[in-house]
Structure formats: C-alpha cells, structure tokens
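This one's a predicted model, so the numbers in the text were calculated from it and none came from an experiment. Reckoned from all heavy atoms, side chains included, excluding hydrogens, waters and symmetry mates.
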Amino acid sequence: MPPEPLGVLLLSGAHDRAHYAFVVASGAAALGRRVVLFASNGGCHALCRNWSSLSDAGRDAVIQARGVAGLDVLRDACLDMQVRMIACEAGLRAEALDPGLLLPGVETAGIATFLEAVGTGRIITI
C-alpha cells in the first residue's frame with residue numbers, strides 16, 4: 001500500500017520558512033511520498049518564478065555559500081519529482097500577485113482542492 005500523501009501548507013513569506021517547506025516537500029517526495037504543497041498569503045511569493053519578494057531573500061546566497069541547497073535547487077527538485085504545487089486564489093489576491101508570475105505547472109485553486117488532494121494524509125504547516 002503506498003504511503004499516504006503529505007500536505008505542506010506554506011503561509012509565511014519569510015525565506016527560512018519557504019526554504020524549509022521545499023526541504024520537507026522534496027525530502028518526502030524523494031522517499032516516494034505523494035506531496036501537495038499549498039501556498040497562501042505571503043507563501044505565494046515562494047511559488048513565483050522570481051521569489052525575491054520573500055522577506056530576507058538574501059539569506060539564500062548565505063546558505064548556499066555554506067553548502068546548503070538554495071531555493072531554486074529545491075524548487076526544481078520538487079518539480080522534477082512531481083510535487084503538486086498549488087497557489088491559493090485568495091492568497092494571490094491578498095498579496096496582489098498576478099497568477100502569470102507563478103512557476104510553470106503551479107495550479108491556482110482554493111483550500112478545498114488542497115484538502116481533497118491530501119485526503120486522509122497528514123498536513124504540516126510552515
């Protein structure tokens with residue numbers, strides 16, 4: 001029986017939280033879990049092609065210099081491992097973000113779509 005899906009709910013627009021949401025998502029996907037990452041409010045910035053509007057975005061260069069995978073590497077890994085990424089429609093509006101700014105393959109939908117996709121699986125909030 002395949003493991004239950006993992007839902008990652010990203011609410012924060014802070015780099016450290018966005019980074020770790022992708023660490024968790026890519027790690028779970030690497031272990032064979034089906035993963036759904038849902039971003040709302042400030043977290044929607046992490047699903048944009050240009051994520052430099054995350055607070056403390058400069059932290060990415062610092063952690064890369066210390067040998068830690070940066071946000072671009074983690075996001076690419078998630079895309080490669082078919083992590084389903086959803087940007088909340090209301091969250092995009094709340095942040096005044098155009099859906100056209102999102103990474104290719106990122107869906108826009110509401111919380112009901114996220115909850116249905118995760119089903120009886122676990123959800124963590126970052």
Check Val36 against Ala117 and note the closest heavy-atom contact, atom names and distance.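 Scanning both residues completely, I find the closest heavy atoms to be CG2-CB, 3.9 Å.
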Might you point out which heavy atoms bring Ala46 and Ala18 nearest each other, and give the distance in Å?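 Heavy atoms of Ala46 and Ala18 come nearest at CB-CB, 3.7 Å.
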Would His15 and Asp60 count as having a side-chain donor-acceptor pair, cut-off 3.5 Å? yes
Quick one: does [X]'s side chain get under 4.5 Å of [Y]'s, heavy atoms only?
X      : Y      : result
Glu89  : Pro99  : no
Leu101 : Leu92  : no
Leu79  : Met85  : yes
Phe22  : Val73  : no
Phe38  : Val118 : no
Val8   : Val83  : no
Cys78  : Leu37  : no

Atom pair [atom1]/[atom2] of [X] and [Y] - distance to nearest 0.5 Å:
X     : Y     : atom1 : atom2 : answer
Leu97 : Cys88 : CG    : SG    : 11.5 Å
Leu47 : Leu10 : CG    : CG    : 7.0 Å
Asp16 : Leu71 : CG    : CG    : 11.5 Å
Met81 : Arg33 : CE    : CZ    : 13.5 Å
Asp56 : Arg17 : CG    : CZ    : 13.0 Å
Arg75 : Ser26 : CZ    : OG    : 12.5 Å

Count I, L, V, M, F, W, Y as connected when their side-chain heavy atoms are under 4.5 Å apart, and connections chain through other members. Are [X] and [Y] then in the same cluster?
X      : Y      : result
Tyr20  : Leu11  : no
Leu74  : Val68  : no
Leu102 : Val35  : yes
Val24  : Val106 : yes
Ile86  : Leu9   : yes

With respect to His45, which candidate in Ser55, Ser12, Ser53 satisfies the side-chain hydrogen bond (donor to acceptor under 3.5 Å, both in side chains) definition?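 Single pass found, and it is Ser53.
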For the pair Arg84 (side chain) and Arg34 (backbone), establish whether a donor and an acceptor sit closer than 3.5 Å, ignoring hydrogens and angles. no
With a 3.5 Å distance limit and no angle check, can you tell me whether Arg49 reaches the backbone of Leu103 through a side-chain donor-acceptor pair?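 Side chain of Arg49 to backbone of Leu103, a donor-acceptor pair under 3.5 Å: no, none is there.
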More than 12 non-hydrogen atoms from neighbouring residues, nucleotides or ligands closer than 6.0 Å to CD on Glu4, yes or no? yes
